[in-house]
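As structure tokens, the structure follows; a few thoughts come after it.
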Amino acid sequence: ILRAAREQFCCSSHVKAVKIINELVLILMKGVNALHSIIEEIAGVEVQAAQIRQDAIVAARETVAAAQAKAQGQQTSQAEFARSQLREATQKAELEGEDAARAILQERAQETKTACSKAESKKPDAVKYLVGRVVSGA
């Protein structure tokens, strides 16, 4: 286009050269406008990217907070479950201990009755023996 403009200008066709130069100016203006619109699009995309990053950070924080809350809740419920199991095991052990104590007491009571019965049955012989010793010693 520039070559054609020179040729036209050299040929003293000043009007054609001016038209060509005007066309070149229009083409350059379109290019500049296109660059401005590309720059504006890039700026808009950068703003969107910044917003997307910001939204992702907020979402990540919320996800972490929710996960921590969930974990805390699970930990609390597991601790409550463990306490409940411990209470039940303690109650069961106490009942078993009480039953074992009763059985031992009954066994000891029976042994005591048996020993007392044996002693009662030997009492007349013991009295005879003691009386015999007293009488023979006197």
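Worth saying up front: this structure is predicted, and the values here are computed from it rather than measured.
- Atom SG of Cys116 is separated from atom NZ of Lys123 by 10.0 Å, given to the nearest 0.5 angstrom.
- Applying the salt bridge (charged side-chain N to carboxylate O under 4.0 Å, His left out) test to every pair with at least one member in residues 28-55, sequence neighbours left out, gives no pairs at all.
- From Ile52, atom CD1 reaches atom CD1 of Ile57 across 12.5 Å, with rounding to the nearest 0.5 Å.
- Sorted by first and then second residue, the salt bridge (charged side-chain N to carboxylate O under 4.0 Å, His left out) pairs with a member in residues 103-118 read Arg108-Glu111; sequence neighbours excluded.
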Practice item. Take Arg102 and Asp99 through the salt bridge (Lys or Arg N to Asp or Glu O under 4.0 Å) test and state the conclusion after the steps. Key: CA-CA 5 Å; Arg102 270 191 225 100; Asp99 289 345; 2.8 Å; yes
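- Distance check, rounded to the nearest 0.5 Å: CD of Glu98 to CD of Glu96 gives 11.0 Å.
- Here the CD-OG distance, from Glu88 to Ser84, works out to 4.5 Å after rounding to the nearest 0.5 Å.
- Residues Leu95 and Ile104 are members of separate hydrophobic clusters, defined by side-chain heavy-atom contacts under 4.5 angstrom among Ile, Leu, Val, Met, Phe, Trp and Tyr.
- Once rounded to the nearest 0.5 Å, the distance linking CD of Glu23 with CG of Leu26 reads 7.5 Å.
- Residue Phe81 is found outside any hydrophobic cluster, as its side-chain heavy atoms come under 4.5 Å of no other Ile, Leu, Val, Met, Phe, Trp or Tyr.
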